[in-house]
Amino acid sequence: DAGITQSPRHKVTETGTPVTLRCHQTENHRYMYWYRQDPGHGLRLIHYSYGVKDTDKGEVSDGYSVSRSKTEDFLLTLESATSSQTSVYFCAIRDGQGNTEAFFGQGTRLTVV
Amino acid sequence: AQRVTQPEKLLSVFKGAPVELKCNYSYSGSPELFWYVQYSRQRLQLLLRHISRESIKGFTADLNKGETSFHLKKPFAQEEDSAMYYCALDGSGNTGKLIFGQGTTLQVKP
């Protein structure tokens with residue numbers, strides 16, 4: 001398995017609270033991504049990073065922010081969690097050297113009550 | 001607009017039967033297409049990509065640009081093939097952003 005871990009694996013939080021999810025990689029891959037997985041929608045891109053301090057929005061970025069201060073860590077923050085953000089969140093990494101396979105973390109199940 | 005459509009939410013077959021998971025895409029250029037699989041309680045993993053044209057676990061997929069399709073096929077389904085399958089498109093150049101279909105759950109009955 002590619003060296004990619006997500007934490008926490010499960011979280012329950014209350015509406016209106018901030019939440020940060022962490023993705024950590026040991027592969028030194030340039031690209032990192034956050035997706036959310038919802039029934040009927042598949043996976044949708046939230047934000048991605050193409051290097052330290054270089055990030056950009058994805059398809060469903062509203063209500064989310066990200067930071068990447070080190071190659072190995074990509075943080076996803078929900079500034080004020082809402083019930084619509086209840087989902088399974090997947091981090092992925094990709095080597096920017098012509099290899100187009102993405103490696104996924106095990107996912108974080110977030111429930112906003 | 002770039003889009004991936006998997007018309008079947010659930011496909012249920014008996015062991016030994018042929019399987020075809022449908023995937024259609026919308027993209028104006030030359031796409032890179034993938035099939036990812038998620039077994040129960042496991043992470044998504046790459047099953048196939050069209051550029052490599054290889055067969056993995058007996059699955060194959062052919063890119064049909066005329067029909068804008070990338071259907072996944074296996075001649076004889078096994079119970080261990082039961083999983084969620086996602087078709088994905090990378091039309092972003094080198095950023096690797098993937099657009100996923102809605103996913104199809106394959107259920108192989110004994």
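So you know, we letter chains A, B, ... as the sequences are listed, proteins then strands, and number each from 1.
For K22(B), the NZ atom counts as densely surrounded, since its 6.0 Å shell holds more than 12 non-hydrogen atoms of other residues, nucleotides or ligands. The neighbour count for E80(B) CD, taken as heavy atoms of other residues, nucleotides or ligands under 6.0 Å away, is above 12. More than 12 non-hydrogen atoms from other residues, nucleotides or ligands lie less than 6.0 angstrom from OH of Y39(B). Heavy-atom contacts from other residues, nucleotides or ligands closer than 6.0 Å to NZ of K15(B) number 12 or fewer.
Heavy-atom pairs under 4.5 Å with chain A peak, among G101(B), G103(B), A88(B), at G101(B).
Heavy atoms of Y50(A) lying under 4.5 Å from chain B are absent altogether. At a 4.5 Å heavy-atom cutoff, Q42(B) makes no contact with chain A through either its backbone or its side chain. Of the two parts of K97(B), the backbone and the side chain both hold a non-hydrogen atom closer than 4.5 Å to a non-hydrogen atom of chain A. For E59(A), no part lies under 4.5 angstrom from a heavy atom of chain B.
Linking Ile, Leu, Val, Met, Phe, Trp and Tyr residues whenever their side-chain heavy atoms come within less than 4.5 Å places I56(B) and W35(B) in a single cluster. Put simply, F90(A) and L75(A) are part of two different groups of oily side chains (I, L, V, M, F, W, Y) that touch within less than 4.5 Å, one to the next.
Looking only at distances, a side-chain donor or acceptor of Y36(B) sits under 3.5 Å from a matching main-chain atom of A102(A).
Here the closest heavy-atom approach between residue R49(B) and residue E101(A) is recorded as NH1-N, 4.1 Å. When every heavy atom of Y86(B) is checked against every heavy atom of L43(A), the shortest pair comes out as CZ-CD1, 3.7 Å. Smallest separation of non-hydrogen atoms from L98(B) and Y35(A): N-OH, 3.1 Å.
Considering only heavy atoms from C-beta on, I99(B) stays 4.5 Å or farther from R44(A) through its side chain.
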